[in-house]
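For the numbers below, each heavy atom of this structure counts, side chains included, while hydrogens, waters and symmetry mates do not.
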Amino acid sequence: MGGLFSAPGSFWAWIGYIVDPLCGPAGVFTWFGQSTILACGNAGWGDEIALGLKTTVSVALLTLPVGLIIGFFIALGQQSEERSVRLASGIYTTIFRGLPELLTLFIIYYGLQILIQSVLTSFGYEQRVEINAFVAGMIALSVVFSAYCAEVLLSAFRAIPRGQYEAGYALGLHHGRTLGLIVLPQLIRIALPGLTNLWMILLKDTSYVSIIGLADILRQTGVAVRVTKQAFFFYIIACGLYLALAIISSIGLSYIERWAKRSEARR
């Protein structure tokens, strides 16, 4: 049984090694970092920094869809005819846009542990519970991202003429189908520049997870600094990695924006 489950894990580990941009077969450190402190393997810090890069990208990519979904529903809530729903949505965005991201991270990381521990204790489970730092970091970044995302989407909703909704209703579409078939494509196109900026901010905000012990780029380079005492060198490496992520994201998002504009022009 162990072999059955270890095979897929080994396969994905092999895939991760192949596509690793730092320590993979075609990785930057593999080709240019050998015989230096950036060498991969036991000879240098290449593997540790590569792990930090994977962690940073993983946190950002998993936070994005969660934050988008929550933000979409919060934006819908802010337009609800129910006053209580509008009020709750407004309070949500006000809180998580007003609190510093680091404070939100601490509250969720430690608060979730207290909450879960209290619930389990009430059922007679007395052992100490610790929240996974990756999960806590993703949740914290998701709620902050969703609060800003909701405001971007709300502005996009308001930019869509009311006649678009009425046209859908006139065609016999109910509210959900009108939203999905008519409003949502326009919403994405209008909100895309704002969401692009939020993604770039999210990439930088992932550095906060290093505070709760998650091995991201900043934490791994920080460990290397403490051991080697070469602070300037490793922090420059961290700067290069964050800038590389930003440049790659800019290229990809620019392509998506051009595609959205071409799609709109063909209609």
Among T221, I236, L22, the one residue meeting side chain to side chain contact (heavy atoms under 4.5 Å, CB included) with L241: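 Of the listed options, the one satisfying the test is L22.
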Passing candidate, side chain to side chain contact (heavy atoms under 4.5 Å, CB included) with S146, options F96, F72, F73, Y92: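 With S146 as partner, side chain to side chain contact (heavy atoms under 4.5 Å, CB included) holds for just one option, Y92.
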Using atom types as modelled and distance alone, determine if a side-chain donor or acceptor of R86 lies under 3.5 Å from a backbone N or O of E81.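 Confirmed, R86 side chain pairs with E81 backbone.
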Any chance you could measure [X], atom [atom1], to [Y], atom [atom2], to the nearest 0.5 Å?
{"X": "D216", "Y": "T56", "atom1": "CG", "atom2": "OG1", "answer": "4.5 Å"}
{"X": "L38", "Y": "F29", "atom1": "CG", "atom2": "CZ", "answer": "4.5 Å"}
{"X": "I69", "Y": "L64", "atom1": "CD1", "atom2": "CG", "answer": "9.5 Å"}

Sub-4.5 Å side-chain heavy-atom contact between [X] and [Y]:
{"X": "I74", "Y": "L154", "value": "no"}
{"X": "E82", "Y": "L87", "value": "no"}
{"X": "F234", "Y": "V227", "value": "no"}
{"X": "L218", "Y": "Y208", "value": "no"}
{"X": "V66", "Y": "V143", "value": "no"}
{"X": "F157", "Y": "L187", "value": "yes"}
{"X": "I256", "Y": "L192", "value": "yes"}
{"X": "I114", "Y": "S118", "value": "yes"}

Check the pair L53 / I49 against side chain to side chain contact (heavy atoms under 4.5 Å, CB included), numbers first and verdict last. CA-CA 6 Å; L53 176 63; I49 296 176; 5.8 Å; no
Closest heavy-atom contact between S210 and R219?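 Looks like O-NH1, 3.4 Å.
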What are the two closest heavy atoms between T30 and G24, and how far apart are they?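 Answer, listing the atom of T30 first, then G24: OG1-O, 2.7 Å.
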Between F134 and V209, is a side chain to side chain contact (heavy atoms under 4.5 Å, CB included) present by the stated rule, with each step listed? CA-CA 8 Å; F134 186 96; V209 300; over 6 Å; no
